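Taking it in order: structure first as C-alpha cells, then the write-up.
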Amino acid sequence: MSLLSDLINIDLTDSTEKVIAEYIWIGGSSCMDLRSKARTLSGPVTNPRKLPKWNYDGSSTNQATGEDSEVILCPQAIFKDPFRRGNNILVLCDTYAPGGDPISTNTRYNAAKIFNDPDVVAEEPWFGIEQEYTLLQKESKWPIGFPVGVTPPAQGHYYCGIGADKIFGRDIVEAHYKACLYAGINHGGINSEVAPGQWEYQVGPSTGISAGDELWVSRYILKRIAEIAGVVVCFDPEPVQKGWNGAGAHTNFSTKTMRNEGGFKFIREAIEKLGLKHKEHIAFYGEGNERRLTGKNETANYNNFIWGVGNRQVSIRVGKDVEKAGKGYFEDRRPGSNMDPYLVTSMIAETTLLWKQM
C-alpha cells in the first residue's frame, strides 16, 4: 500500500510540464449530483477561457437522450487541485447543448446574466453561505459514531463541542478546511452543529457568481475527502429524524449601499421585497426543505415570512451589531443545505436590486 500511496502522491512538476485538469459539473440525477472527469493539458493554465471545451454522455447523467446524448462542458472557473497538487487544477464547468444553448440544469447561465447586470455590478453584492451537512455511515446511513438503531443523546451536547463522545468526523472536517484554502476557496471557518455528525463551514464573503462557484467546488472537495474516508456526506435538510435541528445553508447578503453609512434603511427595504416574493423564493430554496422549516428548531414556518433582530426563529435575521451600527448585512435563514447556490444568490440579487414594486 505504501507504493500505491507513493504513486498517487507523485509530484509531476519536476518531470513534465503537463498538468491534469479535473473537469467538474452538475449532473441531472438529483439536486446534489456532482460529476467529474480528468484530462491532460500540455502546460499550466490559469484562465478558464484558455481551457478547451469538452463533452460527456448526457444520457448517463439524466441530462440527454441516448439518441442525442452529447453535452458540452464550458470551463468557467479554475481552482488549485488539493488532491493531485502541483500545477494540477480543478475546473468548474457549466453545460450546453451542441448548438450552444444552456441545458435545463445549467442554472449558472441565468445567474451569470443577473450578476452581470450593470445595476447589480454597481452594488458589489457580497454573499457568505453557511453550509451545513451531516456525515453518515456508508452502509446504514446513520450518523457516524453511533451504532445503528441507537438514538443519540438529545441535541445540546454537540454544538461546538469537544470530546470523543460528542464529536465525530473532525478529521474529515479539518482536511476539508485546509483543502479548500489550498484550492483558493474563500473558506471562512468551521464548527460542529447541534446534531451528532453534523457540521458547518462558511464560504465567503464572495462577490456575485463566484459565491456559487466556490460553494459548488467546496462541496466537490468535501465529497471527495469523504469518499477516501468511506463516509457519506448528506445534504438533506432533515437527514435523520424529526425533533433535531435540520441542515440549512443560511445565506448572508449585503450590497455596497447596505455596507455604507445609513445602510440599515436599505437593508429594511430589501427585506420587505423578499417578504413580498417569499413564495417564489421558497420554491427554489432546496428539495424537501419544508421538512426542515417547521417553525421549530431555529426556523420560521415554511409558509410564513417574518424577520427580526437577533432572532433565529425567523426567515430573515438581522444581527444586533448591524442594528447598532446602522449598516451591514442580513441573513436569509430559509435555504436548505441542498440548495442550488446559483439559484439562491441570483434570486436574492434580482429581487432586492432589479425587481421594481408596482
Side-chain angles (χ1 to χ4, degrees), residues 19-41 44-56 58 61 63 71-97 100 102-116 125 127-129 131 133 176 179-188 201-227 233 235 249 251 338-346 349:
V19 301
I20 302 171
E22 189 79 24
Y23 279 45
I24 302 167
W25 71 96
I26 301 162
S29 296
S30 70
C31 57
M32 293 299 301
D33 184 13
L34 281 163
R35 309 277 179 140
S36 75
K37 62 177 181 173
R39 67 182 298 165
T40 305
L41 305 176
V45 179
T46 58
N47 185 343
R49 296 183 182 277
K50 294 184 178 180
L51 285 167
K53 294 182 180 179
W54 205 5
N55 65 76
Y56 66 93
T61 61
Q63 292 172 300
V71 179
I72 308 301
L73 290 169
C74 184
Q76 297 293 351
I78 293 175
F79 299 84
K80 293 171 64 178
D81 186 340
F83 301 102
R84 296 187 177 105
R85 287 170 280 189
N87 291 323
N88 303 303
I89 54 176
L90 303 177
V91 181
L92 182 67
C93 305
D94 62 355
T95 46
Y96 297 82
I103 66 173
S104 61
T105 54
N106 181 357
T107 56
R108 190 187 191 278
Y109 179 81
N110 284 326
K113 289 199 295 184
I114 291 170
F115 285 119
N116 286 329
F127 295 93
I129 303 174
Q131 176 68 73
Y133 61 94
H176 177 250
C180 284
L181 291 174
Y182 178 94
I185 292 168
N186 196 11
H187 191 303
Y201 67 92
Q202 301 91 39
V203 168
S206 303
T207 304
I209 196 70
S210 63
D213 291 344
E214 292 184 21
L215 189 69
W216 274 118
V217 175
S218 74
R219 287 169 167 178
Y220 172 84
I221 292 172
L222 178 60
K223 289 172 78 74
R224 282 283 306 274
I225 292 172
E227 173 190 320
V233 181
F235 291 100
T251 302
N338 59 359
M339 63 84 158
D340 181 339
Y342 294 137
L343 287 175
V344 169
T345 59
S346 63

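Just so it is clear, the structure is predicted and the values come from calculations on it, not from any experiment.
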Can you name the closest pair of heavy atoms from Ile89 and Val45 and give their distance? CD1-O, 4.1 Å
Here the gap from Arg108 atom CZ to Cys74 atom SG, rounded to the nearest 0.5 Å, amounts to 8.5 Å
With sequence neighbours excluded, residues passing side-chain contact (heavy atoms from CB on, under 4.5 Å) with Asn110: Lys113
When rounded to the nearest 0.5 angstrom, what is the spacing between CG in Leu51 and CG in Leu41? 6.0 Å
With sequence neighbours excluded, tell me which residues meet ring pair (Phe, Tyr, Trp, His ring centres under 6.0 Å) with Tyr96. none
Would you compute the distance between atom CG of Asn87 and atom NZ of Lys80 and round it to the nearest 0.5 angstrom? 9.0 Å
Can you confirm whether Gln76 sits close enough to Trp25 that some side-chain heavy atom of one is under 4.5 Å from a side-chain heavy atom of the other? no
If every non-hydrogen atom of Ala349 is compared with every non-hydrogen atom of Phe115, which pair is closest and at what distance? CB-CE2, 3.8 Å
Not counting sequence neighbours, which residues clear side-chain hydrogen bond (donor to acceptor under 3.5 Å, both in side chains) with Ser218? List them please. Tyr201
Got more than 12 heavy atoms from elsewhere within 6.0 Å of CZ, Phe83? yes
State, yes or no, whether a side-chain contact exists between Ile24 and Phe79 at a heavy-atom distance under 4.5 Å. no
Applying side chain to side chain contact (heavy atoms under 4.5 Å, CB included) between Thr345 and each of Ile209, Asp340, Ile129, report the one that passes. Ile129
Distance from Glu22 atom CD to Arg84 atom CZ, nearest 0.5 Å? 4.5 Å
Answer yes or no: is there a side-chain heavy-atom contact under 4.5 Å between Ile26 and Leu34? yes
Taking C-beta and beyond as the side chain, do Gln131 and Val203 meet within less than 4.5 Å on heavy atoms? no
Which pair of heavy atoms, one from Cys93 and one from Tyr23, lies closest together, and at what distance? SG-CD2, 3.5 Å
Test item: Tyr56 and Arg35 side chains (from C-beta on) under 4.5 Å apart, heavy atoms: no
If the condition is ring pair (Phe, Tyr, Trp, His ring centres under 6.0 Å), which residues does Tyr220 pass it with, not counting sequence neighbours? none
Could you give me the CA-CA distance, side-chain angles and deciding distance for Ile72 and Thr95, then say whether side-chain contact (heavy atoms from CB on, under 4.5 Å) is met? CA-CA 6 Å; Ile72 308 301; Thr95 46; over 6 Å; no
Rounded to the nearest 0.5 Å, what separation is found between the CG atom of Asn186 and the CG atom of Asp213? 13.0 Å
Least distance between heavy atoms, Lys53 atom then Pro75 atom: CA-CD, 4.2 Å
Check the pair Phe235 / Leu222 against side-chain contact (heavy atoms from CB on, under 4.5 Å), numbers first and verdict last. CA-CA 11 Å; Phe235 291 100; Leu222 178 60; 4.1 Å; yes
Nearest heavy-atom pair of Thr207 and Ser210: which atoms, and what distance? O-OG, 2.5 Å
Which atom of Met339 lies closest to which atom of Arg219, heavy atoms considered: O-NH2, 2.9 Å
Give, for atom CD1 of Ile78 and atom CG of Leu90, the distance between the pair rounded to the nearest 0.5 Å. 10.0 Å
Do Val91 and Leu73 come within less than 4.5 Å of each other through their side chains, counting heavy atoms only? no
Taking the side chain as every heavy atom from C-beta outward, state whether Ile20 and Asp81 have any pair of such atoms under 4.5 Å apart. no
With sequence neighbours left out, write down each residue that passes side-chain hydrogen bond (donor to acceptor under 3.5 Å, both in side chains) with Arg39, or none if nothing qualifies. none
Sequence neighbours excluded, which residues qualify as side-chain hydrogen bond (donor to acceptor under 3.5 Å, both in side chains) partners of Tyr133? none
